[in-house]
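In what follows, chains carry the letters A, B, and so on, assigned in the order in which the sequence lines appear, proteins first and then strands, with residues in each chain numbered from 1. Because the structure is a prediction, the values reported are computed rather than measured.
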Amino acid sequence: MANLRRTWMRRASAHGAFWAATVALAVGLIMLGDFEFENFKGSGSRFTRFFTRMAPPDWSVTHLVLRSTAETLTIAFVGTLLALIVSLPLGFLAASNMTPPWIAQPTKWLLGFIRSIPLIVVAMILVTAVGLGPLTGTLAIAFHSVGMLGKFYAEEFETADRGVINAVRGSGANWLQTVRFGLFPQCVPQVLAFTIYRFEMNFRDAAVLGLVGAGGIGLYIQMYIGGFQYQKVAVLLIVIIVVVTALDQLSFWARRWVR
Amino acid sequence: MDSSSSDGRPAISLRGVHVLYGRIMALDIERLTIASGERVFVLGCSGSGKTTLSRMIKARVRPSAGKLSVLGIDPCALGRASRSAYERCIAMIDQEFHLVPRLSVMDNLMTGALGRVPVAASLLGWYPLAELERAEAILAEVDLEGLEGRRVDTLSGGQRQRVAIARALMQNAEIIVADEPVSNLDPELAEDALELLVDCVARRGVTLLVNLHQPDLARRFASRIVGLSAGRVVYDGPPEAFGDKQTEFLYRAEAPDFKVIRAVKRGEAGAEPA
C-alpha cells in the first residue's frame, strides 16, 4: 500500500514538474518578447464593429469569388498531385529499410531543406522568377508539399512489415519490383490519407498565396480587406468555410473507402 | 531452373558447418547431404537450429565456419546479381506466410514470377500470357480457383496457406524450404496443407526441406527425417525407423538449455564424435 502510494506520488510530482517547467518556459519567452497586452483594451468593440460591418454579405461578387475559389482549388489540387509524383520516389529513397544509409540520409536532408523554406518565401521567389498567376502558386505549393509528403511517406514506408518485403525480394524481385509489390501495397491507405490531408492544407495555404500575387482567392482577400469592403469579405469567408468543410467530409469518405 | 536436374550432384551439402550467434552455437553439423528430389522433414525442439538451417540455405544466415553448398553453389560467395538469381532457385514458405496484404491472390502469385518477367511491364501489372496460364494451372492445383481476384487479407488461414504454397510453386524453384509452415493451422488443416505441399512437390521432383513440430505428420509425408538437438544432427534416417523412442529422445524433458548449447561451442565440439 505504501509502495503504491509512493509510486503514485512520484509520478504525480513528475507530471507537476513537467507542466511547471513548460509553463515557466512560455512565460519566460513572453517576457523576453514585445507582447503588449494593453492592446486588448477596446479590441472587443473593434471586433464587434468588424463583424457588424460584414452584414449583410454583398452577394454581387459571388461569381467572382467562386471563380477565384475554383482557381485556388486547382492550384491546391495540381500542386498536391505534382508533389505526390515527386515525393513517392523520394520517399522510397529516404526509407531506411529500402536503401543504404548513404542514400537514405542525404535524401532525408534534402527533404528537410525543402521543408524548412517557408511557403510564402518560396512563392515570393517564384513570383519574381516565373511571374504572377496561378502557375506560380501551383509550383510553390508543389515544392513545399514535397518536403512534407516525402518525409511522411518515408516514415510510413519504414513501418512496413519486413517479412513481406523479404518474401518478395527473396523470390528474385529487383529493387523496383520489391518496392512496387512488397512495400507500397502495405502503405497505400496511410499514403492516401496523408496526401488528402495535405491537399486540404494546400487549399488553405493557396488561399493565402494570392497575397503575394500567386493566383487564387488571396488576391480578393487582400483587395477587399484593404479596401474596407467588409460585406464582400463576408462572401469570401462563407465560401472558404463551405469549401473547407466539404473537403473535410470528402477526405473522410475517401479514407474510409480505402482500407 | 530445370527442376529435374538430378545429375548426381546433391541439392544441399553441409560439411563441418557452424553457425554462432554471439557465444551461442546455433548450428553444428559435421556432415549432411540432401539429394535432389528428397523430401526431408527436420524435427527438433524450439531453438534446436531448424530455422537457422533453413535461413542459411536461403542465404539469410552465413555459416561461421565450414562448407555449405546448395545446388553446387556456395551462397556466401555470391555477388549481388548472382545472389538474386540464387534466391530465385530457393522458394521459402514462412510460418507467417508473409503474403502481401491488400493485393489479390493473383497478384501475390505473380510475385513468385517477378524474377523472370520483364521488369517495366511487371511494374504496371502486365505479365506474359504463359505466366498467367501457369498461375491459373497452379491455382487449380491448390484448389483456389475462383478466388484469384480476392484480396489475401480477406481469406481464411487455410486459404492463405495455399496461396503461400502456390506462390512458392510459381517461383519455379529447385528447392522449397518451409519453416514450420502449418503451425498456424488446426491439426486437420495442417495435415491437408502438408499433403498438398508434398503432392505438388512430388509432381515436380523438387527438393523439399520442411521444419516441423509434429513427428506423426513428418513420419507420414517425409522421405527422410533429420532430428536436430542443440544444433546437431541426432537422427538422420528413413521415417519408418523414426519411432516413439526417437521422438521421446528428441523432445525429452531435459531439452537443450543454454548450458548444453555452450558445451557444443566451436572447439569443444571437435573433440566429440558427431
J.: Side chains of A/Phe199 and A/Leu73, heavy atoms from C-beta outward: is any pair under 4.5 Å?
T.: yes

J.: Describe, in one word, how the ring planes of A/Phe184 and A/Phe157 are oriented to each other, choosing from parallel (under 30°), tilted (30 to 60°) and perpendicular (over 60°).
T.: perpendicular

J.: Just checking A/Phe194: does its CZ atom have more than 12 heavy atoms from other residues, nucleotides or ligands closer to it than 6.0 angstrom?
T.: yes

J.: Distance from A/Ile141 atom CD1 to A/Thr72 atom OG1, nearest 0.5 Å?
T.: 9.5 Å

J.: Nearest 0.5 Å, what's the CG-OG1 distance between A/Asn202 and A/Thr80?
T.: 4.0 Å

J.: Check whether B/Leu123 gets within reach of chain A through its side chain, its backbone, both or neither, counting any heavy atom under 4.5 Å.
T.: both

J.: Applying salt bridge (Lys or Arg N to Asp or Glu O under 4.0 Å), which residue pairs with at least one partner in residues 86-115 of chain A are found, sequence neighbours left out?
T.: A/Lys108-A/Glu158

J.: Table up the donor-acceptor pairs between chain A and chain B that sit under 3.5 Å, atom names plus distance.
T.:
from	atom 1	to	atom 2	distance (Å)
A/Asn166	O	B/Arg60	NH2	3.1
A/Gly170	O	B/Lys58	NZ	2.6
A/Ser171	OG	B/Thr111	O	2.9
A/Gln177	NE2	B/Leu114	O	3.1
A/Gln177	NE2	B/Ser122	OG	3.0
A/Arg180	NE	B/Leu123	O	3.0
A/Arg259	O	B/Arg102	NE	3.2
A/Arg259	O	B/Arg102	NH2	3.0
A/Arg259	O	B/Arg151	NH1	3.0
A/Arg259	O	B/Arg151	NH2	3.0

J.: Nearest 0.5 Å, please: how far is CD1 in A/Ile240 from CD1 in A/Ile221?
T.: 4.0 Å

J.: Using non-hydrogen atoms and a 4.5 Å limit, figure out which bit of B/Ile90 sits close to chain A: side chain, backbone, both or neither.
T.: backbone

